[in-house]
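Reading through the structure tokens given below for one structure.
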Amino acid sequence: MTNIIDGEAVAADIRKSLIDCVSQLGDAGVTPTLATVLMNNDPASQTYVSMKHGDCEEVGIETRDIKLDPDSKEAELFDIVDELNADEAVDGILVQMPLPSHVDERDVLRHITPEKDVDGFHPENVGRLVAGNPRFKPCTPHGIQKLLADAAVETEGADAVVVGRSNIVGKPMANLLMQKNGTGNATVTICHSRTDSLAEKTRAADIVIAAAGVPEMVDGSMLSPGVTVVDVGINRIETEDGSTLVGDVEYESAAKKAQAITPVPGGVGPMTRAMLLWNTVKAAAETASIDITLPWS
Ligand code: GUN
């Protein structure tokens, strides 16, 4: 029987535990606060941001919801980030990507105070992750680690193939899997759009993480029996009856090979959001020097 990994359920568990953490912080006079900045008109981004706010409300995290006209000058965005950096009530800052083309994404990420960078994208936090001393793990790979742990998937000694080399998912995922610790110790291969013989590599894997942003690029013929498949993709494709959401994995054929697989939707997506809350609570606790135990840490 294939284990269909229920990301909604695991994320709900984490949110429930975070309510306790937020209440402990509240007893010490601290209310974790997340500020989001949205500078695009993309409906998907708007939906993601409003879902993040809904999640925060559920666990008792306060939010600031800042929207900036996509035609605004880059300097206006920097001013907003400066204000949030200086605001002692704000623990976490998330600037939703993508940003308009006239804004340099790397400059913006560098501008966020590393202690408030709950995305884990600031170069200092990236460096700490690579060096094996993470402050904030990026939310999607962190959530995948929790899903693998919950499904009792052993990473120690496993051959893991990460398909995709983005800064948000592929690179940090590969780094986390290779770390010298209980949730790492895997032998990691990173594949991407220029990889030759992708199927040979995925067939040799015990764990495949598909994060290339290409609809259904990994199918069952590219997998060996007993593999664990994690699908990070969320792609809307046109069908005869309208449109539908698919992942980077062709689910039906992959599920026949897999011992465990994440569905789309309901797999990785809810975990990404749960780990943003996790990082925000961690930021608040560390800023206030309050010792709390975060769920599954
Ligand atoms: N856009 C898509 N995913 C993300 C994410 O994880 N963080 C931010 N800031 N923007 C995104």
Side-chain angles (χ1 to χ4, degrees), residues 7 11 14 34-56 61 63-68 70 74 77-78 80-81 84-85 90-101 103-126 129 134-147 162 164-176 209-214 230-236 245 247-248 264-265 267-280 282-283:
I14 289 180
L34 173 71
T36 62
V37 184
L38 179 64
M39 192 184 180
N40 72 48
N41 289 329
D42 167 38
S45 291
Q46 288 168 353
T47 305
Y48 293 145
V49 169
S50 79
M51 286 167 102
K52 287 167 188 172
H53 281 261
D55 290 342
C56 284
I61 295 175
T63 53
R64 307 273 179 85
D65 188 3
I66 298 158
K67 297 200 168 70
L68 192 57
E74 192 181 53
L77 177 58
F78 284 123
I80 288 170
V81 173
L84 295 172
N85 283 340
V90 171
D91 300 293
I93 302 171
L94 179 141
V95 178
Q96 183 70 23
M97 307 293 160
L99 289 166
S101 56
V103 178
D104 187 325
E105 193 172 293
R106 278 178 300 187
D107 284 347
V108 174
L109 296 178
R110 264 198 296 270
H111 214 75
I112 297 171
T113 298
E115 287 82 0
K116 297 189 180 189
D117 165 40
V118 285
D119 263 326
F121 297 160
H122 186 286
E124 180 181 313
N125 290 327
V126 174
L129 178 90
R135 178 189 276 130
F136 299 118
K137 297 181 187 175
C139 302
T140 300
H142 193 187
I144 291 170
Q145 276 196 311
K146 302 289 186 219
L147 284 182
V162 178
R165 53 180 159 178
S166 69
N167 292 332
I168 294 183
V169 186
K171 286 181 199 165
M173 186 77 252
N175 261 297
L176 288 173
I209 316 266
V214 179
V230 177
D231 190 352
V232 182
I234 306 178
N235 310 289
R236 184 157 290 285
L245 275 189
D248 289 359
V264 176
V268 173
M271 291 301 292
T272 298
R273 288 176 10 234
M275 300 327 287
L276 175 66
L277 308 179
W278 202 96
N279 279 349
T280 304
K282 177 176 156 76

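Note that ligands are numbered from 1 as they come in the structure, with each ligand's atoms numbered from 1 the same way.
Residues forming a ring-ring contact (aromatic ring centres under 6.0 Å, His included) with His111 (at least two apart in sequence, or on another chain): Phe78. Looking at residues two or more places apart in sequence or on another chain, you find a side-chain contact (heavy atoms from CB on, under 4.5 Å) between Ile234 and Tyr48, Leu245. For Ser45, the side-chain hydrogen bond (donor to acceptor under 3.5 Å, both in side chains) partners two or more places apart in sequence, or in a different chain, are Asn40, Asp42.
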Practice problem: I would like to know whether Arg64 and Leu34 meet side chain to side chain contact (heavy atoms under 4.5 Å, CB included); could you show each step before the answer? | Solution: CA-CA 6 Å; Arg64 307 273 179 85; Leu34 173 71; over 6 Å; no
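Side-chain contact between Glu124 and Arg135: present, with at least one pair of heavy atoms (C-beta onward) separated by less than 4.5 Å.
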Close N/O pairs between ligand 1 and protein, under 3.5 Å:
| from | atom 1 | to | atom 2 | distance (Å) |
| --- | --- | --- | --- | --- |
| ligand 1 | 1 (N) | Gln96 | NE2 | 3.3 |
| ligand 1 | 1 (N) | Met97 | O | 3.0 |
| ligand 1 | 7 (N) | Asp119 | OD1 | 3.0 |
| ligand 1 | 7 (N) | Asp119 | OD2 | 3.4 |
| ligand 1 | 9 (N) | Val95 | O | 2.8 |
| ligand 1 | 9 (N) | Asp119 | OD2 | 2.7 |
| ligand 1 | 10 (N) | Met97 | N | 3.0 |

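Taking the charged nitrogens against the carboxylate oxygens, Asp55 and Lys52 have no contact shorter than 4.0 Å, which rules out a salt bridge.
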